[in-house]
Protein chains: 2
Amino acid sequence: MATPEIKSVGKAFALLDCIASGEGGVSLPSMAKRCDLTMATAHRLLTTMEALGVVVHTGPGEYAIGTRLLGLCREASFESLLASAAAPILSRLSRTTRTTSHIGVLDSEFMVTYLARCASAHAKIPTLPGNKLEAYCSGLGKVLLAGLSMPRRESYLAEGPFPALTSRTIIAQEDLARELSAVCRRGFAFDDCEMFEDLRCVAVPIHDQSGRVVAALSASGSCREMPKSRVSSLAEELTRQAETISGKLFPRTAINFRTSRTKQRSAHDKPTHQDDRSGSPAP
Amino acid sequence: MATPEIKSVGKAFALLDCIASGEGGVSLPSMAKRCDLTMATAHRLLTTMEALGVVVHTGPGEYAIGTRLLGLCREASFESLLASAAAPILSRLSRTTRTTSHIGVLDSEFMVTYLARCASAHAKIPTLPGNKLEAYCSGLGKVLLAGLSMPRRESYLAEGPFPALTSRTIIAQEDLARELSAVCRRGFAFDDCEMFEDLRCVAVPIHDQSGRVVAALSASGSCREMPKSRVSSLAEELTRQAETISGKLFPRTAINFRTSRTKQRSAHDKPTHQDDRSGSPAP
DNA sequence: CGGGGACTCTCGTATTATGAGACCATTCCC
DNA sequence: GGGAATGGTCTCATAATACGAGAGTCCCCG
């Protein structure tokens with residue numbers, strides 16, 4: 001059983017979340033309330049983190065993220081994290097499914113950036129980490145476009161044009177719009193030789209904790225390796241793996257603070273069994 | 001006496017530093033050793049942080065900064081931190097010295113970016129947070145240029161030109177070079193109406209924990225308000241305040257882990273770096 | 001000048017986090 | 001294939017940490 005331990009650390013990050021989000025002011029009492037901590041505890045935690053340089057007390061009712069924390073994130077990026085977290089999964093996926101697998105994200109110009117790949121024996125796609133390709137004609141790209149907010153998706157569609165790279169490339173704006181809606185509904189995309197001849201690809205989204213599409217995972221292969229009959233089972237497997245990745249990057253943990261020592265404060269709690277631990281005998 | 005408490009948090013950040021710096025590999029045993037922690041403790045801390053999304057275990061011997069931490073830093077920046085941390089100090093400084101005080105940093109193009117200011121009654125300098133001005137002719141700028149590494153300083157000097165803004169502006173490359181060296185030696189800069197007529201300015205560097213100049217603090221006023229006889233005492237006061245700011249942003253804390261329960265393991269380790277700065281006698 | 005908000009501190013002790021050591025899974029290398 | 005090396009996981013009694021309550025300080029605002 002996954003046992004989240006070291007509660008103080010959890011509390012510390014709860015406070016940091018408060019500071020970073022800054023909602024509702026960041027005074028000690030307000031943060032204590034928001035994190036369900038005692039003022040004493042919140043204060044202890046904050047002064048500790050201040051001494052560590054993690055937090056700066058910039059004035060009454062004002063705390064800010066400190067240089068120590070900034071330094072931790074300076075070299076880190078979501079992209080590189082995703083690449084390294086996904087690497088073992090991509091590798092397993094490629095081995096078991098005998099496909100070439102990719103992870104990619106959309107950049108600010110609607111280009112697909114490939115972050116990691118794991119090729120099966122005879123890979124033909126020349127993707128390298130950092131490479132960028134057009135979004136409209138690949139599995140990854142279609143999944144990522146389908147995950148955009150409606151206004152952004154429309155702005156992409158309006159921009160065009162969508163030159164044909166093969167005879168199957170979707171080039172008409174309205175066809176592409178329809179395709180993206182279908183991808184949304186299905187939960188995965190299928191690229192049937194739209195970018196390269198004889199290259200098919202199934203792709204699924206990777207969501208963050210709020211459900212937004214932050215990346216995509218794909219498996220590709222030649223038409224022979226990937227008959228259409230295989231698509232739906234592959235999509236299922238990919239979805240499973242995408243969820244694994246998502247679970248790694250965005251764990252959904254609800255650590256509970258609250259010790260028995262605490263006075264019951266929320267009155268709506270029914271105090272049925274006032275003392276369930278029936279007076280433990282003092283040693 | 002500032003009492004750093006909640007040791008687990010300190011240990012957690014020690015581990016995070018290891019991960020972020022990545023030196024010497026980031027396997028559990030190596031980090032435990034580097035942070036002087038038991039494997040059990042390091043493991044507990046790491047799994048806790050993994051459950052929180054602060055850290056991701058990307059593979060054997062590989063840990064990475066997680067999305068939770070990335071999210072904390074997304075909106076934060078050194079500049080805004082500096083601005084808010086310095087605000088109360090600028091305000092006090094302006095009040096007690098009856099000057100206009102500024103904080104600024106150098107951007108990638110060697111321009112001074114003003115981050116915060118606090119004006120005395122009748123301010124004349126039209127600086128606003130975010131404004132940029134040339135570096136060669138202001139107190140802040142000269143301090144910041146003097147704090148550059150020698151190659152970068154020379155590349156700035158080589159670039160030129162340095163148009164005269166007043167009759168006193170230093171416009172010759174070799175004069176400026178000499179001036180910057182002098183600023184380095186003295187530890188502060190004096191701008192004697194080099195940017196605006198009748199505007200003098202004293203500026204001092206703000207250092208990070210490693211001694212690098214990361215920002216500068218200045219006080220300015222008219223020639224009448226700031227006779228040359230005042231310069232050195234003002235520089236002293238500014239230096240004191242700069243150290244206050246630096247201490248707030250880059251606390252030098254040496255929290256000691258190690259409980260008495262621990263077996264003495266490495267006797268040669270003596271990491272108790274005593275505060276070298278004139279220690280105030282403890283009460 | 002009094003009230004309130006934000007913060008600080010102390011103290012006894014309940015609760016937490018600890019270290020040692022055993023154990024498991026992979027990988028590497030003869 | 002065996003066996004060491006590396007990296008990680010788990011349990012348990014208990015030392016020591018971090019806890020909550022409440023009282024106190026400081027400062028601003030009316």
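Sequence lines set the chain letters: A, B, ... in the order given, protein chains first and strands last, and positions in each chain run from 1. No hydrogens, no waters, no symmetry mates; every other heavy atom, side chains included, goes into these values.
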| message | Looking at Ser94(B) and Ser91(B), would you say the former's side chain and the latter's main chain have a donor-acceptor pair under 3.5 Å? | response | no

| task | Examine distances only and state if a side-chain atom of Ser218(B) and a backbone atom of Cys201(B) form a donor-acceptor pair shorter than 3.5 Å. | result | no

Using side chain to side chain contact (heavy atoms under 4.5 Å, CB included) as the criterion, list what pairs up with [X], not counting sequence neighbours.
X: Thr244(B); answer: Ile89(B), Gln241(B)
X: Ser210(A); answer: Asp208(A), Arg212(A)
X: Pro29(B); answer: Ser27(B), Met39(B)
X: Ser246(A); answer: Ile206(A), Phe250(A)

| query | Can you list every salt bridge (charged side-chain N to carboxylate O under 4.0 Å, His left out) pair that touches residues 60-89 of chain B, not counting sequence neighbours? | reply | Asp17(A)-Arg68(B)

| With respect to the phosphate group of dA20(C), does any side-chain polar atom (N or O) of Thr38(B) fall under 4.0 Å of OP1 or OP2? | no

| message | With a 4.0 Å limit, can you tell me whether Lys11(A) has a side-chain N or O closer than that to the phosphate oxygens OP1/OP2 of dC19(D)? | response | yes

Between [atom2] on [N] and [atom1] on [X], what's the gap in Å once rounded to a whole number?
X: Met49(B); N: dG8(D); atom1: CE; atom2: P; value: 14 Å
X: Arg44(B); N: dG8(D); atom1: CZ; atom2: P; value: 16 Å
X: Leu15(B); N: dT18(C); atom1: CG; atom2: P; value: 11 Å
X: Ile6(A); N: dC19(D); atom1: CD1; atom2: C1'; value: 16 Å
X: Met31(B); N: dG7(D); atom1: CE; atom2: P; value: 11 Å
X: Leu37(B); N: dT17(D); atom1: CG; atom2: P; value: 13 Å
X: Lys7(A); N: dC19(D); atom1: NZ; atom2: P; value: 10 Å
X: Leu46(B); N: dC10(D); atom1: CG; atom2: P; value: 13 Å

| field | Per-nucleotide protein contact string for nucleotides 1-8 of chain C (B base, S sugar-phosphate only, - none; heavy atom under 4.0 Å) | value | -----SBB

| query | At how many degrees, to 10°, do the end axes of the helix from dC1(C)-dG30(D) to dC30(C)-dG1(D) meet when each uses five pairs? | reply | 50°

| task | Check salt bridge (Lys or Arg N to Asp or Glu O under 4.0 Å) between Arg240(B) and all other residues, then give those that pass, not counting sequence neighbours. | result | Glu237(B)

| field | Qualifying ring-ring contact (aromatic ring centres under 6.0 Å, His included) pairs, either residue in residues 59-82 of chain B, two or more places apart | value | His57(B)-Tyr63(B)

